[in-house]
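These notes are about the structure you will find just below.
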Amino acid sequence: MQRFKNWLITVLLKKDKLVAVPQSWQTDYVKLAGDKVKKNGTIAMLVTEYNNLLKDYFNKCTIKELHAELAESDAKVKAGMSKEELVEIAYNEFRMTVERD
């Protein structure tokens, strides 16, 4: 009777394109999923802190230094732009973003 139950479960799982795994894998899966959540949270925090430091760095730069930084990029810089505008352009050009899976 047990073989029939196993066969039936296997057939039903295949029908739904699923696979049976040992119950012990559940613990490992939960641990891996938790580690992934922690890793993603840590990466998001690092990106946020990096962007905050980048903004502070650009705020401390002179207009000449900002122009030099932006000359190496593809950013559109017009003559006579204010420092705040240059800081915003530089920040948007060099900031990090988090790509979601």
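Numbering of residues begins at 1 and proceeds along the displayed sequence.
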To the nearest 0.5 Å, what is the distance between [atom1] on [X] and [atom2] on [Y]?
X	Y	atom1	atom2	value
Arg95	Thr48	CZ	OG1	11.0 Å
Phe94	Leu54	CZ	CG	8.0 Å
Asn40	Met45	CG	CE	13.0 Å
Lys83	His67	NZ	NE2	11.5 Å
Asn59	Leu86	CG	CG	11.5 Å
Asn52	Glu49	CG	CD	5.0 Å

Assess whether a salt bridge exists between Lys60 and Asp56, defined as any Lys/Arg side-chain N lying under 4.0 Å from an Asp/Glu carboxylate O. no

Per side chain to side chain contact (heavy atoms under 4.5 Å, CB included), Trp7 is matched among Val11, Thr10, Ile9 by Val11

Test item: Leu12 and Leu8 side chains (from C-beta on) under 4.5 Å apart, heavy atoms: yes

Would you list the atom pairs, donor with acceptor, under 3.5 Å between side chains in residues 68-82 and any protein atom, with sequence neighbours excluded?
from	atom 1	to	atom 2	distance (Å)
Glu69	OE2	Tyr57	OH	3.3
Ser73	OG	Leu70	O	2.9
Ser73	OG	Ala75	N	3.3
Ser82	OG	Glu85	N	3.3
Ser82	OG	Glu85	OE1	3.3

Donor-acceptor pairs under 3.5 angstrom involving side-chain atoms of residues 19-30: please list them, not counting sequence neighbours.
none

In this structure, would Val47 and Leu53 fall into the same cluster of hydrophobic residues linked by side-chain contacts under 4.5 Å? no

